[in-house]
S.K.: 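Starting off with a structure, shown below.
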Protein chains: 2
Amino acid sequence: MSIPIDTFFLDPKFEGTLQQKIQRMISEGVLSARFPPGAKLPSSRKLAAHLGVSRITVTLAYSELVSDDYLIAKGRSGYYVSPTAPQRTRFDLPKTAGRDSVDWNRAIGQRYSNQIMPEKPVDWRTYPYPFIYGQADEKIFDHSNWRQCAMQALGKREFSIVTADSYERDDPELVKYIALNTLPRRGIHARPEQILITMGAQNALWLSAQVLLNQRRTAAMENPGYPGLRVALNLARCNVVSVPVDKDGMQLDALPGETDVVFTAPSHHCPTNVTMPLERRHALLEMAARHDFLIVEDDYEFEMSFLNPPEPALKSLDEEGRVIYVGSFSKSLFPGLRLGYMVGSETFIHEARALRAAILRHPPGHLQRTTANFLSLGHYDALVARMGQVYRQRREVMQTAIARCGLQTAGVDVSGGSSFWMKTPAPIDAQDLAAALKQRGVLIEPGHVFFEYPEDGSRYYRIAYSSIESAKIDAGITIIAETIDGFRHT
Amino acid sequence: MSIPIDTFFLDPKFEGTLQQKIQRMISEGVLSARFPPGAKLPSSRKLAAHLGVSRITVTLAYSELVSDDYLIAKGRSGYYVSPTAPQRTRFDLPKTAGRDSVDWNRAIGQRYSNQIMPEKPVDWRTYPYPFIYGQADEKIFDHSNWRQCAMQALGKREFSIVTADSYERDDPELVKYIALNTLPRRGIHARPEQILITMGAQNALWLSAQVLLNQRRTAAMENPGYPGLRVALNLARCNVVSVPVDKDGMQLDALPGETDVVFTAPSHHCPTNVTMPLERRHALLEMAARHDFLIVEDDYEFEMSFLNPPEPALKSLDEEGRVIYVGSFSKSLFPGLRLGYMVGSETFIHEARALRAAILRHPPGHLQRTTANFLSLGHYDALVARMGQVYRQRREVMQTAIARCGLQTAGVDVSGGSSFWMKTPAPIDAQDLAAALKQRGVLIEPGHVFFEYPEDGSRYYRIAYSSIESAKIDAGITIIAETIDGFRHT
C-alpha cells in the first residue's frame, strides 16, 4: 500500500524547523496508525513538490525518521513504514470521562490555595511599560554562553552525571564552586557538607521552616516582608510574629525574646530595599546568642549591589553557627532556572537534605551542571557586572523621572537592587491605581501582599526596572503620575 | 604594567576545551585581583608559545574575554584587563568559621533523616555487574535528539518562556502534549487544568499525601511497596495501613473499609512487578465507591510493557473521579530529569498546585520545554520502542541465566519492566548476600527496604537489567549463584 500524497499536509500548529515539521507529520501518522507498518511513503521528490519545500529537506527528514525506526529505506524502491515502528496502545475513552462524584470538600485533607500571593500577569511582555519585578531581561542575559554551557553539560562526557538519579546528592562541581568562589564574596566559609542546593530561595525558606519549626515554636518575620516566606511559615504551622521594619531594617526592640527562629533579608529587604547597617547586624547576633534563637538570612539579591559593595552577610559575622544562609540564582541568572542554595551547620543541612529527598530527590542534574559550567568559566561574574551597569543606568533614569514627577518613594536603597518602593498620596489605594494603570499599559505591583494585614499596605506599591528598557521609563513614570493626578481630581 | 608570562599556567583541574581553560585561567586571574585593571596581557603569539597551544586558540579565548569585558583590545598595542572588568568583593573569613555552639538536638524542630531508604552507591558505574534499578542506560538513550531538543528550547524564540518565573503555572506545550498524546494511551481523558507537572513521581506522591491526608486520616499502601511512598505518608502524619500483595497485586480483602486513600501501583507493582488483572481493578473501584475512599495510582513504568500491552489504567476505568493518576519520565527518559505528572479532579489539582508553588514554584521551564519538544517530534516513542527491544532481549538472557543457575524468582511479571524480584534460599540474608557480592563486583538490591517490617523482607532481593549489558548478565548471575552456594557451605 502506498500512502496517498494528499494525506500529507503541514499542520500550522507544528513548531520547529521545516524538517522537524515533516518529521512530526510522519511520526504522528505512524503513531496514530494512519500510516500502517509496510506502507510506502511518497518519493522525496514527490513529497517535496507537494509540500512546496526543497527535496533535501524531505530527504533529511526521511533519514532522521529511519534512525528513529519510523521508516525503513529499501534501496531504490524508496521508504516504507518500519514493521517495528513505534506504536501507541490506545484505549477507548470512557464515556463518563470528566464526571466527578467525589465530595472534594470532604476529600481534601488540607487546603493550600487560600494563601495571599502576588498576582503576576503571565502576559507582562505584551505591556509597553512593565515595571514588573523578578523576571529575567533577555536583552541583558548572556544567551550564547549559557547555551554553550548547557551543551557542554549534555555532552557525552558529563551525560552520566547529568542524567543519573543522584538520590539525595548534589552536583559536587556546583557545590565546590559555590564554596570556593561564591560564598567567600560574602565572607562565608563553608564545607561542602554544609551546603544544600535548593529549587530556588522559596524552596530553601520552606525547607528551613519545616526543619526548624513546629506547632509549639515561634518564628519572626519582617512586616512588610516576602509573601512566599509567610506562606512557608504558615505551612510549618508555627506561631508567626511580625516585626516592623524601619530605614535600617528589622526593628530589634520589637523582637520577642521567646522567638525560636528569625527570618530576615538584612542586605536588601523585600520589599523596601533597605539595608541593615553593621551595628544592627552585630546587635541581632548578640540577641540571638542571648535568647538562643536561630537566624535564617535571605540574601536573594546581593549580586545586584551596584551602588555600594554589599555589607558583609550576617552569616560571615556568625561565630556560633546560628545563621542559616539562603542564596539564589533567580535574580542573577533567571528565575525559571529554579536554583538556589543554603548554608548551615551540618546537622541542619543533613535534615534539610533528607526532607528534600523525600519531596523531590534533588534539583535536576543538567541544570546544576550547566550552572557550574557558567560559573566556573567566568561568564557569571561578567553577566553580573553587565547587569549592574545596565541597572545603574536604568536606576538613574528612574530616579530622575520619579523626582521630576514628584512621586513619593517609601524606602531608602543604598546598595542597588532592581526596584523602588513607593507610596501613593492619601487616600489612593494602590490596587485601584494598579488596575487603572494596567488599562494604560503600565504594570506596577500593589504592596498589600507584603503586609501581615493587607490593609496596612493599601497605599504602597513597587516599581522595578529589571524588565523595562531605559527608553520606556520616563514615559511610564509620567503615566503613573498622571493617573495618580486623575485619582486626586475625581 | 605587563603581566609576566610565567604567571600563566593551565591548572589541570580546569575542565572543558583548551580555549575554555585559557579563558578560565585569565578570568580567574582578573576576578581574584591578581591581574588588575589596565594590566597588559602577553601577545597571543607569546602566550601560545608559552602554553604550547596554537595561536588561534589564544586569539579566540582573548576575543571571548573581550566580549565578557574581562579584557579590552587596544588596536595594535594588544590586550589589557578592562577598567570595568568584573570584580569580586571579598571579605576576610572570620577566624571562628566552622565553630558551632548551637544545641542542634534542641534546635531541630522536626527530623527527617530517620527514614529507611534504599542505599544506592553513587559509583555503581565502576562495578562490572551493576544489577541496579532505575538508572538511565547511556547506550540506549537518544542522546543527539535530546541535545537538539534542549538547544531548541534554549533558542531565542523560546528563551522567554523557558527562563521566566511562571509562578504556579506549567509549560502549556508539555501539558497539552501529555493530555493529547500520552494519557490517551492509558485510556485517560483529561483537560489541562486536571494535569500538574511534578518533580518526578516522588514529588507527585508527596503532594497527593499532603493534600489528601492529615493526622485523623488513614492511608493504605502495598506491603512490600515503594519506600519513597512510605516516607511521603509518614510526612503526612496519617495512619498507614499495610496491605499484603499476592500474584495479582494488592489483596483487597485485607483493605480496611475506613481507609481514606489507597496508594497502589497496579500495572507494575514495586518491587514484585506483578500486574493487577482487570477484574481486581474493577473490584477495587467498586470498593472505593462503596466505602468512599480515593485511589492514587502510581503508573511509573507503563512504557516498559514490552511483553504484553499494559492493562488499562485504573484511572481509565474510573467513572467517579476517585482516581489520581501519577506518571513519570524517570524510567522512559532519565531520572536526573526529575519530571513527572499527575492527573486528577480540578479541585485536587488546584490544591496540589498551590502547595507546589509554596515549596518550589514550578519545575524548571527549560526541562519542561525540552521534554515537550522531544515528545512532540516523535523521539520519545522511538526511544521507548528501542528500550523495549533492548530490555526484551536482556530479559531473555536474564531468564535463561536465572533458570540455568537455579535461582529462585519471587514475583511473576507479565508486562515487562526492568527487573526481577528474587528470594534467597533460607536462611541466607539478602543484605549479607549483597555485601558479599559487592566484593566480587556485583551490585544487587536487598529487599528489606520495601517492607513495613524490614525483617519480613530479609530474604528478598531485586536484580535489574536496565543498566547492565547483555554480555555481562550471564557471568553476573553465575557469581550470584556461586556466592549463594558459598553461603550454604559455610
S.K.: Between A/L333, A/L367, A/V261, which residue shows the highest count of heavy-atom pairs closer than 4.5 Å to chain B?
M.R.: A/L367

S.K.: Contact part of A/D142 toward chain B, heavy-atom cut-off under 4.5 Å: side chain, backbone, both or neither?
M.R.: side chain

S.K.: What option among A/I108, A/N214, A/D260 has the most heavy-atom pairs under 4.5 Å with chain B?
M.R.: A/I108

S.K.: Where do B/P335 and A/A164 come nearest, in terms of heavy atoms and distance?
M.R.: CG-C, 4.1 Å

S.K.: Quick check: closest heavy atoms across B/S113 and A/A354, and the distance to 0.1 Å?
M.R.: CA-CB, 3.6 Å

S.K.: So for A/S27, is it side chain, backbone, both, or neither that comes closer than 4.5 Å to the heavy atoms of chain B?
M.R.: side chain

S.K.: Side chains of A/E320 and B/D100: does their closest heavy-atom pair fall under 4.5 Å?
M.R.: no

S.K.: Compare all side-chain heavy atoms of A/T347 with those of B/N105 and state whether any distance is below 4.5 angstrom.
M.R.: no

S.K.: Could you tell me which non-hydrogen atom of A/V231 sits nearest to which non-hydrogen atom of B/A358, and how far apart they are?
M.R.: CG1-CB, 3.4 Å

S.K.: Side-chain donor-acceptor pair under 3.5 Å between A/Q152 and B/Q20, yes or no?
M.R.: yes

S.K.: What part of B/V162 lies closer than 4.5 angstrom to a heavy atom of chain A: side chain, backbone, both or neither?
M.R.: backbone

S.K.: Who among B/L207, B/V384, B/L377 has the most heavy-atom pairs with chain A under 4.5 Å?
M.R.: B/L377

S.K.: For the pair B/H366 and A/H366, name the ring-plane relationship: parallel under 30°, tilted 30 to 60°, perpendicular over 60°.
M.R.: tilted

S.K.: Select, from B/G321, B/S305, B/S67, the one with the greatest count of heavy-atom pairs under 4.5 Å involving chain A.
M.R.: B/G321

S.K.: Hey, which of A/Q215, A/Q23, A/E138, A/H143 has the most heavy atom pairs under 4.5 Å with chain B?
M.R.: A/H143

S.K.: Let me know if B/N145 has heavy atoms under 4.5 Å from chain A in its side chain, its backbone, both or neither.
M.R.: side chain

S.K.: Using non-hydrogen atoms and a 4.5 Å limit, figure out which bit of B/T163 sits close to chain A: side chain, backbone, both or neither.
M.R.: both

S.K.: Between B/E28 and A/N181, is there a side-chain heavy-atom distance shorter than 4.5 Å?
M.R.: yes

S.K.: For B/L360 and A/R338, work out which heavy atoms get closest and say how close.
M.R.: O-NE, 3.1 Å

S.K.: Heavy-atom distances under 4.5 Å only: say whether A/Q368 touches chain B with side chain, backbone, both or neither.
M.R.: neither

S.K.: Chain A: which of B/Q202, B/R111, B/E351 shares the most heavy-atom pairs with it under 4.5 Å?
M.R.: B/E351

S.K.: So what's closer than 4.5 Å to chain A heavy atoms on B/F293: side chain, backbone, both or neither?
M.R.: neither

S.K.: Please state whether the side chain, the backbone, both or neither of A/A382 comes within less than 4.5 Å of a heavy atom of chain B.
M.R.: both

S.K.: Does any backbone or side-chain atom of B/D69 lie under 4.5 Å from a heavy atom of chain A? Answer side chain, backbone, both or neither.
M.R.: side chain

S.K.: Would you say that B/L235 contacts A/L355 through its side chain, given a criterion of any heavy-atom pair below 4.5 Å between the two side chains?
M.R.: yes

S.K.: Is there a donor-acceptor pair under 3.5 Å between the side chain of B/R322 and the backbone N or O of A/V102?
M.R.: no

S.K.: Are the side chains of B/L294 and A/W104 in touch, meaning some heavy atoms are under 4.5 Å apart?
M.R.: yes

S.K.: Which bit of B/Y70 is near chain A, if near means a heavy-atom gap under 4.5 Å: side chain, backbone, both or neither?
M.R.: side chain

S.K.: Are A/R106 and B/D292 packed together at the side-chain level, in the sense that at least one heavy-atom pair is separated by less than 4.5 angstrom?
M.R.: yes

S.K.: Taking A/E168, A/K21, A/R353, A/H362 one by one, which has the highest count of heavy-atom pairs under 4.5 Å against chain B?
M.R.: A/H362

S.K.: Answer with side chain, backbone, both or neither: which region of A/T84 has an atom nearer than 4.5 Å to a non-hydrogen atom of chain B?
M.R.: both

S.K.: Do you know which two heavy atoms are closest between B/M151 and A/R147, and how far apart they sit?
M.R.: O-NH1, 3.4 Å

S.K.: Between A/R169, A/H350, A/E173, which residue shows the highest count of heavy-atom pairs closer than 4.5 Å to chain B?
M.R.: A/R169

S.K.: Between A/H379 and chain B, with a heavy-atom cut-off of 4.5 Å, which part of the residue counts as in contact: side chain, backbone, both or neither?
M.R.: both

S.K.: Output the option from A/E346, A/Q210, A/E64 having the highest count of non-hydrogen pairs under 4.5 Å with chain B.
M.R.: A/Q210

S.K.: Considering only heavy atoms and a distance below 4.5 Å, find which of B/T17, B/I359, B/N373 pairs most often with chain A.
M.R.: B/I359

S.K.: What part of A/R386 is in contact with chain B, defined as an atom under 4.5 angstrom from a non-hydrogen atom: side chain, backbone, both or neither?
M.R.: side chain

S.K.: Could you tell me which non-hydrogen atom of B/L31 sits nearest to which non-hydrogen atom of A/D381, and how far apart they are?
M.R.: CD1-OD2, 3.2 Å

S.K.: Under a 4.5 Å heavy-atom cut-off, does chain B meet the side chain of A/A190, its backbone, both or neither?
M.R.: neither

S.K.: Please check this pair: side chain of A/R217 against backbone of B/A107, looking for a donor-acceptor N/O pair closer than 3.5 Å.
M.R.: yes

S.K.: Is it the backbone or the side chain of B/A357 that comes under 4.5 Å from a heavy atom of chain A, or both, or neither?
M.R.: backbone

S.K.: So which of B/V211, B/N234, B/L212 has the biggest tally of heavy-atom pairs under 4.5 Å with chain A?
M.R.: B/V211

